[in-house]
Amino acid sequence: MADKGKNSALKELIVPLTAVLIGIVLGGVLMALTGVNPFEGYKALILGCFGKLEYVSETIVYTTPLIFTGLAIAVGFRCGLFNIGVEGQYIMGLIGASIVGAMDLGLPTVIHLPLTMLSGMAFGAIWASVPGFLKARFGIHEVVNSIMMNYVALYLSHYLVNGPIKDPAITSPYSREILSTAKLWRFFGEGSPIRVNMGIVIAIAAAFLVYYLLFKTTIGYQIRAVGFNPEAARYGGISVQTNIVAAMFISGAIAGLAGSVQVMGIQFKFLDLFAFQGYGFDGIAIALVGKSHPLGVLPAALLFGILQRGSQTMQMLAGVPKETIGIMQGVIILIVAAEGVVKGWLPVRRILGTDRRPAAKEVGKA
Amino acid sequence: MKKQRTGIDWGGLAKSRPFWLGVILLALASVFSFNFIRGNGGEMFSYLVIDFFSTGIFMATPLILASIGAVFSERSGVVNIGMEGMMLIGAFFGVMVSHFTGNAWLGVLGGMAAGGLTAAIHAYVCISHHANQTVSGVAINIFATALTGFLLKSVFHRAGQTDRVAKLANWILPDFIRDIPVIGDILGSNTPPVYLALLLVIVAQVVLFYTPLGLRIRACGEHPEAADTVGINVTGTRYFCVILSGVLAGLGGVTLSLGQLSLFKEGMTDGRGFIAIAAMIFGKWTPVGAFLASLFFGLATGFKFISQSWNMTSIPTDFLMMLPYILTMLALAGFVGRLTPPASSGLPYRRRGSA
């Protein structure tokens with residue numbers, strides 16, 4: 001932070017970084033309130049994430065779907081859309097991949113594996129296109145419709161896994177296990193507790209692909225133009241409606257891919273959900289902290305992956321309720337959304353060089 | 001500025017789609033129950049109608065309260081996607097206060113205050129700091145889910161749900177109302193929020209469309225610059241409306257936790273805050289419209305509870321659970337016609353020259 005304030009990257013990052021910092025301090029305060037030493041709490045978090053190879057692997061496993069959902073939300077944001085339906089599209093991705101992955105079509109891996117992955121993407125994309133279409137055609141706010149679609153997806157999945165796609169051989173509400181031709185390669189073998197797999201590679205590749213799509217292709221340019229100023233885009237001959245549907249479709253496909261990868265690398269089947277898992281909602285925070293930039297999403301997803309994974313170990317080892325992390329997340333989003341709160345803050349103004357007052361003494365604040 | 005709406009327009013009601021949707025629903029209910037009577041005797045008919053509507057109003061009450069709150073917020077120019085979170089917080093604090101004081105009415109006040117305070121955060125971030133209102137609302141929802149779960153563990157030392165606490169006792173109306181057939185049976189004895197919600201519909205409609213305050217609120221949502229020019233305090237009015245929406249959402253949440261149940265369950269609002277927003281849109285940003293739309297969704301939600309007594313067990317429960325959500329989407333897409341939100345809804349207001 002000793003850097004001279006004119007650096008533009010720093011200007012971009014100062015708000016999310018400060019928000020995360022405030023979030024961490026707030027988390028500490030909450031721990032203290034529940035009678036846990038905050039340093040012990042955060043130590044449990046760090047150890048739980050990096051203490052052993054297995055833990056590092058779990059952190060990566062937590063991060064992988066968050067990269068996808070963060071990307072999915074970011075694509076929507078770039079088009080001025082708030083795809084809060086990523087949660088439901090992720091569920092549809094889980095369903096699509098677990099249905100096609102379990103189909104015994106006698107296909108070789110080179111066909112079955114991509115097919116499984118694509119079917120999850122297709123399910124997610126179709127699910128997202130509905131609110132996209134309703135927005136483009138009737139102008140109905142995509143937030144309300146995509147939330148409705150989340151609930152429909154949740155109940156639909158519950159119905160399917162207790163009926164049509166349930167594995168008849170077991171009593172638990174699981175779908176049949178996908179075939180080995182549809183499974184992603186686990187680096188330490190399928191039986192190993194170290195579950196890290198090709199999913200993380202696909203996720204990172206997806207981030208670069210989305211970067212390319214948004215910033216180097218015509219469709220990406222159009223999507224961003226619509227998001228930046230729909231009126232100007234229309235005036236420039238870009239179809240706002242087409243791009244709204246396209247952006248939702250792409251966003252939903254990425255969210256569906258999160259589901260595919262989760263089934264193909266981790267779960268190998270669809271497990272009944274009793275509530276939303278929250279990957280889609282975390283994606284919102286990730287996209288915001290990552291400034292809706294695909295490459296910004298990567299570190300942001302890692303941060304939230306660490307927090308998610310760490311919240312489990314914090315609860316187990318230090319007795320900190322895992323909801324502490326959720327409160328931090330909400331506050332981080334609020335602060336990032338209300339940039340003015342941070343930018344008006346004296347030390348930040350000095351870093352940004354927007355403080356016109358004579359330099360005051362260092363303000364003692366964590 | 002849009003054409004002013006003045007009062008309940010009966011001609012308009014005949015043209016309004018929510019109204020006809022209600023009529024259609026009633027007709028459907030009659031057909032279903034008619035089939036039922038043929039086998040089971042006539043006296044069951046009125047029982048079923050009563051069952052259907054009393055369940056519907058019961059389920060609709062939280063939606064009515066929250067959607068009218070949303071009407072105020074959006075009419076003043078602030079989108080409040082955080083209704084869901086405010087309801088959840090209201091539901092929790094209602095139970096918490098009731099738990100510690102043993103008085104359900106104090107719980108109601110506590111829930112309303114907590115909802116209002118949460119809304120104040122939204123107002124501060126959106127109005128004073130010009131934040132993206134949708135993003136802020138979503139943050140409120142995430143925050144509320146986590147906060148209630150956190151407090152559940154640290155105050156009640158339980159996961160999932162709280163202990164049972166003192167709940168609101170039913171109000172019983174005077175005999176001359178209860179003696180009216182059907183209507184008396186439906187409205188005769190309910191939890192207090194049901195009556196408060198029905199009263200609120202009228203009060204809110206009058207305030208919004210027949211008083212100077214209502215005119216000011218609508219001016220802030222349509223054209224804040226013009227409102228500011230004639231001396232209306234745009235910031236103050238918006239703060240008032242957003243906080244009011246939080247108070248009403250809190251009351252809606254308390255209705256769930258202390259009116260319908262007597263405990264708090266994690267995530268118990270289950271999307272009702274969002275359905276309330278849909279009801280507001282469906283009801284064209286008017287309290288009476290929001291009421292009719294909420295009633296419609298309430299009936300759709302109540303459907304799953306009474307489907308058993310109607311011998312409709314052949315429909316899987318999951319599809320009945322989906323029904324209100326699907327109907328919301330259909331209603332928004334097909335039945336509403338042109339939707340025109342307040343012109344400046346969602347746009348932060350910056351006074352010129354104030355950077």
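Since this is a predicted model, take the numbers as computed values, not measurements. Proteins come first, then strands; the chains are lettered A, B, ... in the order of their sequence lines, and each starts at number 1.
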- Going through the distances and angles, do Y151(A) and D270(B) end up as a side-chain contact (heavy atoms from CB on, under 4.5 Å)? CA-CA 9 Å; Y151(A) 285 95; D270(B) 212 12; 3.4 Å; yes
- Item | Heavy-atom pairs under 4.5 Å with chain A, option from S154(B), A278(B), G271(B), G267(B) with the top count | G271(B)
- Item | Which portion of L30(A) sits near chain B, non-hydrogen atoms under 4.5 angstrom | both
- Report the C-alpha separation of Q315(A) and K153(B) in whole Å, then their side-chain angles, then the decisive distance to 0.1 Å, and conclude whether the side-chain contact (heavy atoms from CB on, under 4.5 Å) test is met. CA-CA 11 Å; Q315(A) 180 156 300; K153(B) 279 181 191 152; 3.3 Å; yes
- Query: What are the two closest heavy atoms between V138(B) and F82(A), and how far apart are they?
  - Reply: CG2-CE1, 3.4 Å
- Item | Atom pair CE/CD1 of M328(A) and I142(B) - distance to nearest 0.5 Å | 13.5 Å
- Nearest heavy-atom approach of G330(A) to A139(B) is O-CB, 3.6 Å
- Check whether V320(A) gets within reach of chain B through its side chain, its backbone, both or neither, counting any heavy atom under 4.5 Å. neither
- What one should report as the nearest heavy-atom pair of L134(A) and M329(B) is CD1-CE, 3.9 Å
- So do the side chains of Y325(B) and Y155(A) get within less than 4.5 Å of each other, counting heavy atoms only? yes
- Examine whether an atom of L334(A) lies under 4.5 Å from a heavy atom of chain B, and if so say whether it belongs to the side chain, the backbone or both; otherwise answer neither. both
- What part of Y159(A) gets closer than 4.5 Å to chain B, counting heavy atoms only: side chain, backbone, both or neither? both
- Select one option (side chain, backbone, both, neither) describing which atoms of V143(A) are under 4.5 Å from chain B's heavy atoms. side chain
- Query: More than 12 non-hydrogen atoms from neighbouring residues, nucleotides or ligands closer than 6.0 Å to NZ on K291(A), yes or no?
  - Reply: yes
- Message: To the closest 0.5 Å, what do you measure between CG (D318(B)) and CG (N162(A))?
- Response: 7.0 Å
- Task: For A146(B) and E323(A), work out which heavy atoms get closest and say how close.
- Result: O-CB, 3.2 Å
- Task: Kindly compute the distance separating NE2 (H129(B)) from CD1 (I335(A)), expressed to the nearest 0.5 Å.
- Result: 10.5 Å
- Item | More than 12 heavy atoms of other groups within 6.0 Å of F100(B) CZ | yes
- Task: Looking only at non-hydrogen atoms, find the nearest pair between A131(B) and A337(A) and report the distance.
- Result: CB-O, 3.3 Å
- Note on the structure: Applying a strict 4.5 Å limit to non-hydrogen atoms, the region of V135(B) in contact with chain A is both
- With only heavy atoms counted, which part of L288(A) is less than 4.5 Å from chain B, the side chain, the backbone, both or neither? side chain
- Query: Is it the backbone or the side chain of Q133(B) that comes under 4.5 Å from a heavy atom of chain A, or both, or neither?
  - Reply: neither
- Among I277(B), N132(B), I81(B), T134(B), residue most engaged with chain A (heavy-atom pairs, under 4.5 Å): T134(B)
- Message: Within this structure, what is the CD1-CZ distance for the pair I327(A) and F150(B), rounded to the nearest 0.5 Å?
- Response: 5.0 Å
- Query: Non-hydrogen atoms of chain A under 4.5 Å away: do they reach the side chain of N141(B), the backbone, both or neither?
  - Reply: neither
- Under 4.5 Å, counting heavy-atom pairs only, tell me which of V331(A), I333(A), I147(A), V144(A) racks up the most with chain B. I147(A)
- Query: Can you check whether F274(B) reaches M148(A) side chain to side chain, under 4.5 Å on heavy atoms?
  - Reply: yes
- Query: In terms of heavy-atom proximity below 4.5 Å to chain B, should T324(A) be classed as side chain, backbone, both, or neither?
  - Reply: both
- Note on the structure: Expected contact set for residues 118-127 of chain B against chain A at heavy-atom separation under 4.5 Å reads I121(B), Y124(B), V125(B)
